[in-house]
Amino acid sequence: MSQKKILDEKTAVHIVQQVINETKKAVIGKDDIIIKIILAVLSKGHVLLEDIPGVGKTTLAMAFSKAFNLDCNRVQFTPDVLPSDIVGFTILNKVTNNFEYRYGACNCNLFLADEINRTSSKTQSALLEIMEEGKVSVDGITRELPKPFFVLATQNPTGSAGTQLLPESQLDRFMVKLSMGYPDFESEVNILKSKKNSNPLDTVNQVATAEDIILLQNTVESVFVDDKVYEYVATLVKETRNHSMIKLGVSPRGTLALMNITKAVALLKGRTYVIPDDVSFIFKDVVSHRLILSPQARINNTTAIEVSNDILSKTAIPKITMV
């Protein structure tokens, strides 16, 4: 079996920084969100953005796809969107008298699924296989999706008109859940200025390729993890299952997601090995949406983010010595 090609850490960081700089041309004041989305992509994960409409989620996805020259499809999820709209369907060709497959919207590198909590459960379930396996199954035939492939999904805050809660099994498929929020005052002024004469998306240039993403993903997989870091991650996850404010803790899938994206954090910081600070940097973004809080937490208006921070603060940090 041939060994996967990887990049040296300096080259990897340079490529990622170029993509960040290009994306920032269209998305102002949200550098931390851009970085965390890239971390998820490099870890072969999917991203869920929960936000009110109009804060730049679609612009961010389009800018990111332009910087990497990715094939990007977007679906606005509504109650009448069907599973076949996502995964495709077969149709009879009357000339050849054979059934032929027609691609669905997910046949791309970056699938932007807008407002997924406004559509039916049946359509949401169509996302599960493509997110987990990178494949679609239609009429008993399984087909590979292009590589790289990842989903950037958005949902409106719970309680917004026409929304419903996503099932835990679907939330668990997302590596991270983020929120862009409103821009600060200075950023909003800069947004107004940037829109004065042109669309900022037009200024975003391609600086990398889809093949670069695959190389970066291979490089992330090669990052070294000390046994003490493995134990630290396992301890943090164990605490989510024993915390008094949590009814249901992080699954093993969540543990793997935390470990994988932590390796991407290390690489982005120019290292080929993980330290505990890499874990704490991304911990709450990976685990918070996976937690089911206890009735006591809801009574006290305690949030999943607050519980995640509490677990981090109370868990002993191991000392790692790298020679």
Taken to the nearest 0.5 Å, the spacing of L166 CG from D172 CG works out to 12.0 Å
Checklist entry - Do the side chains of N21 and V207 get nearer than 4.5 Å, heavy atoms only? => result no
- Take C106 and L145, measure what side chain to side chain contact (heavy atoms under 4.5 Å, CB included) needs, and give me the verdict at the end. CA-CA 8 Å; C106 70; L145 291 173; 3.8 Å; yes
Worksheet item: Any chance the side chains of Q296 and R298 put a donor and an acceptor closer than 3.5 Å?
Response: no
Q) Does S251 offer a backbone N or O that forms a donor-acceptor pair with the side chain of T255 under 3.5 Å? A) yes
CA sep, side-chain torsions, deciding dist, call: K177, E50, salt bridge (Lys or Arg N to Asp or Glu O under 4.0 Å)
CA-CA 7 Å; K177 178 184 174 185; E50 182 178 84; 3.5 Å; yes
For T23 and F64 the tightest heavy-atom approach is OG1-CA, 4.0 Å
Would K4 and E221 count as a salt bridge (Lys or Arg N to Asp or Glu O under 4.0 Å) if you check the C-alpha gap in whole Å, the side-chain angles of each, and the deciding distance to 0.1 Å?
CA-CA 10 Å; K4 292 180 179 179; E221 290 177 351; 3.1 Å; yes
Report task. Would you check, one step at a time, whether the test side-chain hydrogen bond (donor to acceptor under 3.5 Å, both in side chains) holds for D114 with T58? Result -> CA-CA 8 Å; D114 248 335; T58 302; 3.3 Å; yes
N242 side-chain N/O to K238 backbone N/O, donor-acceptor pair under 3.5 Å
yes
Using a 4.5 Å cut-off on heavy atoms from C-beta on, say whether the side chain of K57 contacts that of M180. yes
If you count heavy atoms of other groups shown closer than 6.0 angstrom to NZ of K25, is the number above 12? yes
All heavy atoms of L291 vs all of A304, minimum pair found to be CD1-O, 4.1 Å
- Student check: side-chain heavy atoms of I37 and L60 closer than 4.5 Å: yes
Handout entry: Check: T123/S120 side-chain N/O donor and acceptor closer than 3.5 Å
Key = yes
Does some side-chain heavy atom of Q217 sit less than 4.5 Å from a side-chain heavy atom of P148? yes
- Message: Contact between I34 and K24 at the side-chain level, heavy atoms closer than 4.5 Å - yes or no?
- Response: yes
Compare all side-chain heavy atoms of I6 with those of V220 and state whether any distance is below 4.5 angstrom.
-> no
Requested in this report: Indicate if V41 and L112 have the same hydrophobic cluster label, given that clusters are the connected sets of ILVMFWY residues with side-chain heavy-atom separations under 4.5 angstrom.
Outcome: yes
Problem - Ring-face cation of K263 near F224 (centre distance under 6.0 Å, axis angle within 45°) - result: no
What one should report as the nearest heavy-atom pair of F68 and Q206 is C-CG, 4.5 Å
### Query
Any sub-3.5 Å donor-acceptor pair from N218's side-chain atoms to K5's backbone N or O?
yes
- Query: Does some side-chain heavy atom of T119 sit less than 4.5 Å from a side-chain heavy atom of D80?
  - Reply: no
TODO: Check whether L258 and I35 end up in the same hydrophobic cluster, where Ile, Leu, Val, Met, Phe, Trp and Tyr are linked by side-chain heavy atoms less than 4.5 Å apart.
DONE: yes
Practice item. Would you confirm whether H289, through its side chain, and L48, through its main-chain N or O, come within 3.5 Å as a donor-acceptor pair? Key: no
Taking NZ, NE, NH1 and NH2 as the nitrogens, is one of them in K66 or E22 under 4.0 Å from a carboxylate oxygen of the other? no
Less than 3.5 Å apart, any donor N or O on the side chain of T302 or N300 sitting next to an acceptor on the other? no
**Item:** Between D51 and T154: side-chain donor-acceptor atoms closer than 3.5 Å
**Value:** no
(request) Is it possible for you to say whether V176 and F111 belong to one hydrophobic cluster, with membership spreading through side-chain heavy-atom contacts below 4.5 Å? (result) no
In this structure, OG of S308 is separated from CE of M245 (nearest 0.5 Å) by 13.0 Å
In this structure, SG of C108 is separated from CG of D71 (nearest 0.5 Å) by 5.5 Å
- Using a strict 4.0 Å threshold on nitrogen-to-oxygen distance, state whether K314 and D310 make a salt bridge. yes
Can you tell me if R173 uses its side chain to pair, donor with acceptor, with the backbone of E132 under 3.5 Å? no
Query - R290/E168 ion pair, N-O < 4.0 Å - result: no
- [ ] Report the C-alpha distance between I317 and Y232 in whole Å, list the side-chain angles of each, state the deciding distance to 0.1 Å, and finish with yes or no for side chain to side chain contact (heavy atoms under 4.5 Å, CB included).
- [x] CA-CA 7 Å; I317 302 173; Y232 182 51; 3.9 Å; yes
List the steps and the verdict of side chain to side chain contact (heavy atoms under 4.5 Å, CB included) for Y230 and D226. CA-CA 7 Å; Y230 282 124; D226 188 88; over 6 Å; no
task: In plain terms, say whether K269 and D278 are close enough for a salt bridge, that is, a side-chain N and a carboxylate O under 4.0 Å apart.
output: yes
Sidechain-backbone polar pair: T315 side chain, L312 backbone, donor-acceptor under 3.5 Å: no
message: Is there a path of hydrophobic side-chain contacts, each under 4.5 Å between heavy atoms, that joins F283 and I305?
response: no
- [ ] Answer with yes or no whether the side chains of D184 and S187 bring together a donor and an acceptor at under 3.5 Å.
- [x] yes
Q. Under 3.5 Å, is there a donor-acceptor pair between the side chain of H46 and the main chain of M131?
A. yes
One should read off an interatomic distance between C72 SG and L110 CG, to the nearest 0.5 angstrom, of 4.5 Å
OG (S43) and CG (N260) are apart, to the nearest 0.5 Å, by 6.0 Å
Nearest heavy-atom contact between V151 and A113 is CG1-CB, 4.5 Å
Within the side chain of Q18, is there an N or O that forms a donor-acceptor pair under 3.5 Å with the backbone of I15? no
Starting from the C-alpha separation in whole Å, work towards a yes-or-no answer on side chain to side chain contact (heavy atoms under 4.5 Å, CB included) for Q170 and I116.
CA-CA 11 Å; Q170 188 169 0; I116 60 171; 4.0 Å; yes
For P146 and N107, the nearest pair of non-hydrogen atoms, with its separation, is CD-OD1, 3.8 Å
One should read off an interatomic distance between D227 CG and I320 CD1, to the nearest 0.5 angstrom, of 9.0 Å
Could you tell me if the side chain of D85 sits less than 4.5 Å from the side chain of V75, heavy atoms only? no
Nearest heavy-atom approach of L201 to T59 is CD2-O, 3.8 Å
**Request:** Examine the side chains of D212 and T209 and answer whether a donor and an acceptor come within less than 3.5 Å of each other.
**Result:** yes
Next item on the list: Verify the distance criterion only: is there a donor paired with an acceptor across the side chains of S137 and E129 at less than 3.5 Å?
Entry: yes
| said: Under 4.5 Å between side-chain heavy atoms, counting indirect links through other Ile/Leu/Val/Met/Phe/Trp/Tyr residues: same cluster for L268 and L215 or not? | reply: yes
Heavy-atom count around E100 CD within 6.0 Å, excluding the residue itself: above 12?
yes
The single option from I38, V13, T11, L7 that satisfies side chain to side chain contact (heavy atoms under 4.5 Å, CB included) with L216 is L7
#### Entry: Proximity of Y101 and Y103 rings by center, below 6.0 Å
yes
